[in-house]
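The figures that follow rest on heavy atoms only: side chains count, while hydrogens, waters and symmetry mates do not.
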Amino acid sequence: MSRESEDLSAPVPERLPLEPFIERYWDHVRIARGLSRNTLLAYQRDVATFQRYLRDRQVSDVREMSPPLLAGFLDHLHRSGLASSSRARALAAVRSLFRFLKQEGMIAANPTVSLRSTSRARRLPKTLSPEEVTRLLDLPPRPLPEDHRDRAMVEVLYAAGVRVSELISLRIDQCNLDVGYVGITGKGDKQRVVPIGRPAIEALQAYLLAARPALLKQRSSRFVFVSRRGTPLTRQAFWKLLRARAHRAGIKRIPSPHMLRHSFATHLLQRGADLRSVQAMLGHADIATTQIYTHVDSSQLKKVHTACFPRNRSRR
């Protein structure tokens, strides 16, 4: 028998199901991609949604997963009412999965290469005005250790432009108040150092000197911001305290923690900061993510144009 006939008679697997490769894929994502815990959880939800979609259509063989089938998945997400940003993330998760399958030699071609999610309208980030931030930060102090802690947290959040997850996980050994820097552990465990201004340094020093020991009551913790139980605050707890402080300050728009991060970036750029510096302080991997803040203040640009452009003056 010739070699050609031997090759033709070689057994071909009848089915190549997707499920056995899923766990291997998650191991790959955790080790090689370095995704944050929140992003990883979101990817897992998206892939689980994709698996349900395939089961409903009785498709299990990875070799049957064609571009039309995957385009149908995106259409299914759209008809389900999923936001464009969530659809784009789901496509990224599925595309990453098939990229892994191709690297492992399970498929000859990645069927997601030609796919594009529906146009994703980038919403401009909501921000507080500098006056609103000042009112939020300059609230009269109350004689409670929690109040000193809360003020220090809001000061650091705005002064460093950190994410709420980065704020609540801030450790004592990451704070260098003599120099005026805090070390931040960002997405994918990436490290960055961000300066903080004098008001944030003073609020943090006052909290660490008296309020934090009163909360810990001789217990120890490596985290900066703690509760009366000695545990670090949760995201939900910080959201509640921020909302309460905004109410006390008379701010009608209830700010989210991320709104203060947006405000930090916007206010820096308005005052002449360069984009690369803001990118480094925010911890953005791609400067395109930071560039959205250059479009936030279009109303202010219109006011400047109206007030300063000679042709506008000549028509008054």
Asker: Taking atom CZ of Arg219 as the centre, does the number of heavy atoms from other residues, nucleotides or ligands within less than 6.0 Å exceed 12?
Answerer: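 Check passes, neighbour count above 12.
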
Asker: For Arg52 and Thr49, which I'm curious about, is there any donor-acceptor pair between the side chains at under 3.5 Å?
Answerer: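 Distance-only check passes for Arg52 and Thr49.
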
Asker: Look at the side chain of Arg24 and the backbone N and O of Phe21, then say whether any donor-acceptor pair between them is shorter than 3.5 Å.
Answerer: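 No; zero donor-acceptor contacts below 3.5 Å.
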
Asker: Is there a side-chain contact between Trp26 and Ile22 in this structure, where contact means two heavy atoms from C-beta onward sitting under 4.5 Å apart?
Answerer: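 In contact.
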
Asker: Measure from the side-chain N and O atoms of Arg248 to the backbone N and O of Pro140, and report whether any donor-acceptor pair falls under 3.5 Å.
Answerer: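 Here the side-chain-to-backbone pair exists.
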
Asker: Among side-chain atoms of Gln191 and Thr185, is any donor-acceptor pair under 3.5 angstrom?
Answerer: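 Yes, a side-chain donor-acceptor pair sits under 3.5 Å.
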
Asker: With a 4.5 Å limit on heavy-atom distance, are the side chains of Pro195 and Met281 in contact?
Answerer: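 Result yes, sub-4.5 Å side-chain heavy-atom pair found.
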
Asker: If you group Ile, Leu, Val, Met, Phe, Trp and Tyr by side-chain heavy-atom gaps below 4.5 Å, do Ile184 and Ile172 land in one group?
Answerer: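 Ile184 clusters together with Ile172.
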
Asker: Ion pair present between Glu64 and Arg57, side-chain N to carboxylate O less than 4.0 angstrom?
Answerer: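 Arg57 and Glu64: not salt-bridged.
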
Asker: Examine distances only and state if a side-chain atom of Arg261 and a backbone atom of Leu282 form a donor-acceptor pair shorter than 3.5 Å.
Answerer: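 Pair found, side chain donor or acceptor close to backbone of Leu282.
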
Asker: Check the angle between the aromatic planes of Tyr25 and Phe100 and answer parallel, tilted or perpendicular using the 30° and 60° thresholds.
Answerer: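 Rings of Tyr25 and Phe100: tilted, 30 to 60°.
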
Asker: Does any part of the side chain of Ile168, heavy atoms only, come nearer than 4.5 Å to the side chain of Phe225, both counted from C-beta?
Answerer: no

Asker: Are Met106 and Leu69 in one and the same hydrophobic cluster, where Ile, Leu, Val, Met, Phe, Trp and Tyr link if side-chain heavy atoms are under 4.5 Å apart?
Answerer: yes

Asker: Out of curiosity, Gln174 CD to Ser169 OG, how far, rounded to the nearest 0.5 Å?
Answerer: 7.0 Å

Asker: When you measure from the side chain of Arg87 to the backbone of Leu82, do you find a donor-acceptor pair of N or O atoms at a distance under 3.5 Å?
Answerer: yes

Asker: Flag the pair Met259 / Glu132 as yes when at least one side-chain heavy-atom distance between them is below 4.5 Å, and no otherwise.
Answerer: no

Asker: Could you tell me whether the side chain of Val162 reaches within less than 4.5 Å of the side chain of Val194, counting heavy atoms only?
Answerer: no

Asker: If you look only at distance, which donor and acceptor atoms sit under 3.5 Å apart when one is on a side chain in residues 199-209 and the other is two or more places apart or in another chain?
Answerer:
unit_1, atom_1, unit_2, atom_2, d
Tyr207, OH, Val224, O, 2.7
Tyr207, OH, Val226, N, 3.3

Asker: Group every Ile, Leu, Val, Met, Phe, Trp and Tyr by side-chain heavy-atom contacts under 4.5 Å, then state whether Leu139 and Val154 land in the same group.
Answerer: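 Different clusters.
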
Asker: Quick check: do Ile107 and Met65 have side-chain heavy atoms less than 4.5 Å from each other?
Answerer: no

Asker: Return the CZ to NE2 distance between Arg212 and His148, rounded to the nearest 0.5 Å.
Answerer: 15.5 Å

Asker: Give the minimum heavy-atom separation between Phe223 and Pro232, together with the two atoms involved.
Answerer: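 Heavy atoms only, the tightest pair is CD1-CG, 3.8 Å.
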
Asker: Just so I know, are the side chains of Asp173 and Arg222 near enough to count as touching, which here means a heavy-atom distance under 4.5 Å?
Answerer: no

Asker: Restricting to pairs with a member in residues 230-245, which pass side chain to side chain donor-acceptor pair (under 3.5 Å), not counting sequence neighbours?
Answerer: Asp147-Arg245, Ser227-Thr231

Asker: Apply side chain to side chain contact (heavy atoms under 4.5 Å, CB included) to Ala210 and list each qualifying residue two or more places apart in sequence or on a separate chain.
Answerer: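 If we apply the side chain to side chain contact (heavy atoms under 4.5 Å, CB included) test to Ala210, skipping adjacent residues, there are no hits.
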
Asker: Closest heavy-atom contact between Gly230 and Leu216?
Answerer: CA-CD2, 3.8 Å

Asker: Shortest non-hydrogen contact from Val182 to Ala160?
Answerer: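 Minimum heavy-atom separation between Val182 and Ala160: CG2-CB, 4.3 Å.
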
Asker: Would you check if Pro67 and Pro111 make a side-chain contact, meaning some heavy-atom pair closer than 4.5 Å?
Answerer: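 They are in contact (side-chain heavy atoms under 4.5 Å apart), so the answer is yes.
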
Asker: Check this for me: His258, atom NE2, are more than 12 non-hydrogen atoms of other residues, nucleotides or ligands nearer than 6.0 Å?
Answerer: yes

Asker: Going from OG on Ser256 to NZ on Lys126, what distance comes out if it is rounded to the nearest 0.5 angstrom?
Answerer: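 Result: 8.5 Å between the selected atoms.
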
Asker: Which heavy-atom pair separates Asp46 from Ala93 by the least distance, and what is that distance?
Answerer: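 Minimum heavy-atom separation between Asp46 and Ala93: CB-CB, 3.9 Å.
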
Asker: Let me confirm one number: the CG-CG distance from Leu137 to Leu260, rounded to the nearest 0.5 Å.
Answerer: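 Those atoms lie 7.5 Å apart.
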
Asker: Say whether Leu91 and Val59 are linked into one hydrophobic cluster, either directly or through other cluster members, by side-chain heavy-atom distances under 4.5 angstrom.
Answerer: yes

Asker: Once the angle between the rings of Phe50 and Phe98 is folded into 0 to 90°, is it parallel (under 30°), tilted (30 to 60°) or perpendicular (over 60°)?
Answerer: perpendicular

Asker: Can you give me the closest heavy-atom contact between Ala92 and Tyr43, atom names plus distance?
Answerer: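 Taking every non-hydrogen atom into account, CB-OH, 3.7 Å.
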
Asker: Report yes or no: does His267 contribute a side-chain atom to a donor-acceptor pair with the main-chain N or O of Leu128 at less than 3.5 Å?
Answerer: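 Yes.
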
Asker: Rounded to the nearest 0.5 Å, how far apart are CE of Met153 and CD of Glu146?
Answerer: 12.0 Å

Asker: Does OH in Tyr181 sit with more than 12 non-hydrogen atoms of other residues, nucleotides or ligands closer than 6.0 Å?
Answerer: no

Asker: Are Ile254 and Ile251 linked, directly or through other ILVMFWY residues, by side chains that come within less than 4.5 angstrom of each other?
Answerer: no

Asker: How long is the gap from CZ on Arg151 to CG on Leu136, to the nearest 0.5 Å?
Answerer: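 If I round to the nearest 0.5 Å, the distance is 11.0 Å.
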
Asker: For Arg163 and Gly283, work out which heavy atoms get closest and say how close.
Answerer: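 Result for this residue pair: NH2-O, 4.0 Å.
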
Asker: Flag the pair Asp274 and Arg276 as a salt bridge only when some basic side-chain nitrogen lies within less than 4.0 angstrom of an acidic carboxylate oxygen.
Answerer: no

